[in-house]
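Throughout, residue positions are numbered sequentially from 1 according to the sequence presented. Order of listing sets the numbers, starting from 1, for every ligand and every atom in it.
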Amino acid sequence: MSNEVSFLEQVNQMFEKAARYTDHPRGLLTQIKMCNGVYAMEFPLQRDDGTIETIRAWRAEHSHHKLPTKGGIRYASNVNEDEVKALATLMTYKCAIVDVPFGGAKGGVKVSTREYSTSELQRITRRYTYELTRKNFIGPGIDVPAPDYGTGAREMSWILDTYNSLTHEPLNALACVTGKPVGQGGIRGRKEATGRGVFFGIREACSYEDDMAKLGLKTGLKGKRIIVQGLGNVGYHAAKFLEEGGCVIVGVGEYEGAIYKADGMKLEDIVAHRAGSGSILNFPGATNIETSKEVLTKDCDILVPAALEGQITEQNAPDIKARIIGEGANGPITAGADQILLDRGVLIIPDIYLNAGGVTVSYFEWLRNLSHVRFGRMNRRFETTTQENLLGAIESLTGKHMETDKRRAIIHGATEEDLVNSGLEETMVEAYTETRRIAREKDVDLRTAAFINAIDKVASAYVSMGIWP
Ligand code: NAD
């Protein structure tokens with residue numbers, strides 16, 4: 001974090017900025033803003049060398065206006081209660097913006113994954129899950145974790161296994177966590193979902209001619225130069241899909257430093273170089289940059305911070321060259337920096353919208369687990385046969401035959417992955433259209449518009465449930 005106010009305070013400042021454009025009573029706004037509960041825990045870990053260490057961890061549930069609550073678990077050495085509460089708060093607003101019927105939550109375990117062995121991480125994860133289960137902070141209808149910084153499918157499978165061994169209701173236990181491996185109740189497309197959502201959101205933003213003209217840019221992704229900070233789950237997939245969409249990667253930042261090459265680098269070459277040398281540095285033809293923060297101010301069209309919060313502050317905001325910033329990470333721009341960038345006319349696509357692809361596909365995974373059936377299982381063959389019959393009828397009426405490849409593309413019934421990706425695309429496009437419409441109506445930036453949208457939706461949930469008069 002920067003030396004500005006705390007992450008949670010910044011999120012709340014953004015909330016208050018947006019709340020001024022709504023007419024909800026102050027009491028309701030306060031109820032929406034507050035974090036409902038935090039379970040802070042400390043538990044012992046026996047390290048591989050036999051020594052005992054105490055691990056600090058948290059789970060925050062921000063809002064119960066919809067259940068279950070939902071949010072990732074972060075493993076990081078600098079995670080703290082304020083950060084977990086801030087991230088849980090963002091989750092509530094994020095779910096509302098993409099119409100996913102969950103309240104917000106977030107977990108944090110104060111460990112650096114690089115300093116623990118796999119078996120130590122497994123013991124930590126299982127004990128953390130045990131603590132959550134004992135305190136009723138996990139369950140398919142209670143609170144459903146997912147991956148975040150420092151965690152992935154492996155940790156989710158340990159969580160599921162531990163929860164399974166403790167629960168008395170095994171029928172829906174698979175839905176206690178999302179982001180699981182595909183063979184263990186996970187869903188195809190979840191791993192890529194956040195990065196793919198970042199791509200859909202940026203593509204959508206770049207499709208409006210008047211918005212791009214204001215930035216001095218042409219519409220479309222083709223040829224736009226991007227810098228990505230963090231090549232983890234979100235950053236790697238965002239870079240991959242943006243590159244496939246026509247963008248050129250000119251800069252990449254990781255924890256060991258950054259590289260910049262004005263005429264572009266291929267993502268897979270960077271990944272192969274890092275796998276071979278252990279670092280992104282010294283990439284052929286690129287300039288090494290000492291810290292990943294420094295690459296943020298290099299020349300590009302689109303900047304995608306996808307590592308951690310507090311990366312663009314009042315100090316470096318005046319030097320940012322990008323005309324568009326797509327917030328892959330949560331909270332990468334501090335409140336002070338946000339204003340500086342807006343004053344400079346930068347288009348900021350905010351985290352509470354842009355990285356919502358992960359929770360959207362987690363919602364699909366949760367639905368699949370509760371329905372106990374793979375999406376597409378009932379209709380795929382039926383669709384294929386219907387389309388085949390239709391095409392056959394057209395061919396016999398016209399006397400013409402379609403090439404095999406084209407025929408295959410037309411008759412192909414939707415697989416689970418097709419449905420997941422199309423549901424994600426629909427969600428991201430719809431949410432962008434709605435956020436942009438509010439931004440124009442209220443004459444505000446996209447972040448404020450997204451907050452207004454979230455506040456209105458959460459407020460109406462409270463009112464419709466009779467919780468608020
Ligand atoms: P991850 O652990 O998969 O990747 C993070 C990457 O950032 C790692 O490669 C790490 O080495 C790198 N990194 C660490 N310190 C860095 C630094 N100082 N500069 C540059 N890179 C650095 O995590 P992730 O899941 O990709 O999460 C990244 C961000 O996206 C977080 O803010 C997270 O909250 C947010 N997010 C993640 C998801 C998800 O589905 N995983 C969903 C929404 C938001």
Between Asp143 and Arg59, is there a salt bridge with N-O shorter than 4.0 Å? yes
Can you name the closest pair of heavy atoms from Gln13 and Ala335 and give their distance? OE1-CB, 3.6 Å
For the atom pair OG1 (Thr69) and CE (Met91), what is the distance rounded to the nearest 0.5 Å? 9.5 Å
Mind checking what makes side chain to side chain donor-acceptor pair (under 3.5 Å) contact with Asp338, not counting sequence neighbours? Arg447
Nearest 0.5 Å please: distance from the OG atom of Ser279 over to the CZ atom of Arg274. 7.0 Å
Pi-cation contact, Tyr255 with Arg114 (under 6.0 Å, within 45°): yes
Could you name the protein residues that come within less than 4.0 Å of ligand 1, counting only heavy atoms, and order them by chain and residue number? Arg74, Pro147, Asp148, Tyr149, Gly150, Arg190, Thr194, Gln229, Gly230, Leu231, Gly232, Asn233, Val234, Gly253, Glu254, Tyr255, Ser292, Ala306, Ala307, Gly328, Ala329, Asn330, Asn355
